[in-house]
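Below is one structure, written out as structure tokens; the observations come after it.
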Amino acid sequence: MANVVLENVYKIYPGDVVAVNDANLEIEDQEFVVLVGPSGCGKSTTLRMIAGLEEISKGSIYIDGKKVNDVPPKNRDIAMVFQNYALYPHMSVYKNMAFGLKLRRFPKDEIEKRVREAAEILGIEMLLHRKPKELSGGQRQRVAVGRAIVRKPKAFLFDEPLSNLDAKMRVQMRTEISKLHTRLSSTMIYVTHDQVEAMTMGDRIVVMKDGLIQQVAPPLKLYDQPANQFVAGFIGSPPMNFFNGSIVSKGDGLWFDEGGFSIRVGTDQESKLAPYAGKPIVFGIRPEDIADVLYVTNPNPDHQMTAKIEVLEPMGSEIYLYLTTGKHTFIARVGASENADVNQDLNLVFDMKKSHFFDHDSGETIV
């Protein structure tokens with residue numbers, strides 16, 4: 001296996017369209033790294049440059065310590081799994097998986113051994129005689145992964161491999177790929193626009209926007225300590241709530257004032273927020289950190305506000321409440337046993353220990 005390093009990598013298309021902007025990233029040997037972001041953020045382009053399918057405009061890429069800028073894809077010793085499976089329709093599953101090895105003139109017994117091993121790992125031994133058209137989407141994706149496994153490459157690259165599967169199959173294949181990573185102890189780079197996939201699969205996550213890497217961190221650090229407002233809003237489902245307002249001094253403390261409500265900031269947050277007194281600022285809090293006052297023991301009166309319920313979404317074990325302050329719409333995630341009705345005014349308490357504040361202009365995290 002191998003580490004993969006990107007140094008000041010750019011991809012600039014004709015017309016000075018910058019798809020990837022000064023990407024710097026080091027992926028450790030045997031690490032599972034997920035590139036995530038909205039459509040058009042540059043994640044697939046980055047993956048294709050690592051694979052050699054896209055030319056690098058500026059910068060350098062190293063695989064296992066070797067600079068590969070001018071190395072053709074077939075000589076980079078990587079295997080790529082595509083969104084559309086890219087199987088040969090006229091070939092059986094066995095021949096699809098063996099094809100790359102035949103091109104490299106592997107002995108027949110070695111090809112047989114590798115295909116059988118990969119088929120056993122993926123649970124597709126009974127499908128080897130079938131054609132792709134006779135397989136379900138999940139089975140085709142397993143064959144595409146198997147074709148990569150038989151190569152025993154230095155790194156596996158996955159480009160949104162689960163996008164064409166239904167919700168249940170996506171969850172199953174997500175688990176299968178994670179188990180595969182553990183079993184093979186291989187370097188894997190995985191591209192997705194689904195932040196749930198990113199959070200559940202990656203050792204580290206690379207969040208991208210407009211060609212720029214916004215933050216690189218383990219899943220829980222991204223969730224708890226986002227570098228900026230974009231990362232905070234992109235990671236998490238439902239997403240973080242944001243309120244525009246200002247910091248005001250009241251009594252012996254600092255408060256966030258939205259216009260319709262005021263919330264006292266945490267005492268440990270005051271030193272960093274003091275320079276923002278009287279200035280616009282963005283307050284962020286996740287839906288699970290907002291609770292109905294009736295269900296909280298000793299709620300802090302300084303952290304309470306009232307909002308009207310506009311929509312309820314029962315999710316089984318919990319309910320998503322869509323509320324409005326008049327100026328902002330936001331979401332609270334509460335227990336299914338809690339009583340709530342549309343158009344009801346609800347007294348809420350915010351867990352300010354888990355709140356976030358962002359610079360209004362730059363979007364960078366303050367607290």
Side-chain angles (χ1 to χ4, degrees), residues 34 36-39 41 162-163 166-168 170-171 174 192-202 205 207-209 214-215 217-245 256 258 260-261 263 281-296 303-358 363 365 367:
V34 180
V36 68
S39 297
C41 71
L162 310 184
S163 294
D166 62 55
K168 184 178 180 182
R170 281 175 75 107
V171 173
R174 212 162 66 198
T192 181
H193 63 270
D194 185 335
Q195 53 93 16
V196 175
E197 269 180 35
M199 290 290 287
T200 54
M201 296 177 75
I205 300 173
V207 183
M208 298 185 69
K209 178 193 177 190
Q214 303 292 310
Q215 187 174 0
L220 290 181
K221 185 172 182 180
L222 274 184
Y223 193 79
D224 294 330
Q225 302 173 41
N228 54 43
Q229 189 177 341
F230 173 78
V231 175
F234 192 82
I235 299 295
S237 181
M240 184 181 288
N241 299 298
F242 297 113
F243 301 88
N244 293 306
F256 170 77
E258 185 250 13
F261 71 91
I263 293 281
I281 200 169
V282 178
F283 165 54
I285 191 161
R286 296 201 179 276
E288 63 268 27
D289 299 324
I290 303 172
D292 185 337
V293 170
L294 294 176
Y295 296 87
V296 177
H303 296 164
Q304 296 180 28
M305 56 89 72
T306 301
K308 178 174 284 189
I309 300 172
E310 291 191 318
V311 177
L312 290 94
E313 279 189 355
M315 304 297 290
S317 61
E318 57 193 9
I319 301 173
Y320 295 168
L321 303 179
Y322 291 77
L323 305 116
T324 180
T325 66
K327 291 178 66 177
H328 293 94
T329 299
F330 65 104
I331 305 173
R333 200 157 95 182
V334 300
S337 61
E338 298 185 24
N339 294 317
D341 293 305
V342 173
N343 293 325
Q344 174 187 341
D345 285 331
L346 200 61
N347 293 321
L348 302 166
V349 60
F350 290 174
D351 185 350
M352 295 304 289
K353 291 179 181 177
K354 297 182 179 178
S355 64
H356 303 260
F357 289 91
F358 306 94
T365 297
V367 179

Mind checking what makes side chain to side chain contact (heavy atoms under 4.5 Å, CB included) contact with [X], not counting sequence neighbours?
X: His328; value: Phe243, Asn244, Glu258, Thr325
X: Thr365; value: Phe358
X: Asp345; value: Thr306, Lys308
X: Val293; value: Pro299, Gln304, Asn347, Val349

[atom1]-[atom2] distance between [X] and [Y], expressed to the nearest 0.5 angstrom:
X: Ile309; Y: Thr324; atom1: CD1; atom2: OG1; result: 12.0 Å
X: His193; Y: Cys41; atom1: NE2; atom2: SG; result: 11.0 Å
X: Phe330; Y: Phe350; atom1: CZ; atom2: CZ; result: 5.0 Å
X: Ile263; Y: Met305; atom1: CD1; atom2: CE; result: 6.5 Å
X: Thr192; Y: Ile205; atom1: OG1; atom2: CD1; result: 10.0 Å

**Request:** Test salt bridge (charged side-chain N to carboxylate O under 4.0 Å, His left out) on Arg170 and Glu197 and set out the steps.
**Result:** CA-CA 9 Å; Arg170 281 175 75 107; Glu197 269 180 35; 2.5 Å; yes
Is any side-chain heavy atom of [X] less than 4.5 Å from a side-chain heavy atom of [Y]?
X: Met199; Y: Val196; answer: no
X: Leu323; Y: Leu348; answer: yes
X: Leu312; Y: Val342; answer: yes

Nearest non-hydrogen partners of [X] and [Y], listed with the distance:
X: Ser355; Y: Phe283; answer: CB-CE1, 3.4 Å
X: Ala340; Y: Leu321; answer: CB-CD2, 4.2 Å
X: Ala291; Y: Val296; answer: CB-CG2, 3.6 Å

For [X], give me all partners under side chain to side chain donor-acceptor pair (under 3.5 Å), at least two apart in sequence or on another chain.
X: Glu310; value: none
X: His303; value: none
X: Arg286; value: none

**Message:** Show every salt bridge (Lys or Arg N to Asp or Glu O under 4.0 Å) that has at least one partner inside residues 324-337, sequence neighbours left out.
**Reply:**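 For residues 324-337: Glu318-Arg333.
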**Asked** Is there any salt bridge (Lys or Arg N to Asp or Glu O under 4.0 Å) pair reaching into residues 221-236, and which pairs are they, with sequence neighbours excluded?
**Response**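 Passing the test, one end in residues 221-236: no pairs.
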**Request:** Mind checking salt bridge (charged side-chain N to carboxylate O under 4.0 Å, His left out) for Asp292 and listing every partner two or more places apart, or none if nothing turns up?
**Result:**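 Counting only residues at least two positions away or on another chain, Asp292 forms no salt bridge (charged side-chain N to carboxylate O under 4.0 Å, His left out).
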**Asked** Is a donor on one side and an acceptor on the other found under 3.5 Å between the side chain of Glu338 and the backbone of Ile319?
**Response**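 No.
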Show me the donor-acceptor pairs within less than 3.5 Å that the side chains of residues 226-241 make with the rest of the protein, sequence neighbours left out.
residue: Asn228; atom: OD1; partner: Phe230; partner atom: N; Å: 3.1
residue: Asn228; atom: OD1; partner: Val231; partner atom: N; Å: 2.9
residue: Asn228; atom: ND2; partner: Gln214; partner atom: OE1; Å: 3.0
residue: Asn241; atom: OD1; partner: Ile331; partner atom: N; Å: 2.8
residue: Asn241; atom: ND2; partner: Ile285; partner atom: O; Å: 3.2
residue: Asn241; atom: ND2; partner: Ile331; partner atom: O; Å: 2.8

**Item:** ring-ring contact (aromatic ring centres under 6.0 Å, His included) partners for Tyr295, two or more places apart
**Value:**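 Counting only residues at least two positions away or on another chain, Tyr295 forms no ring-ring contact (aromatic ring centres under 6.0 Å, His included).
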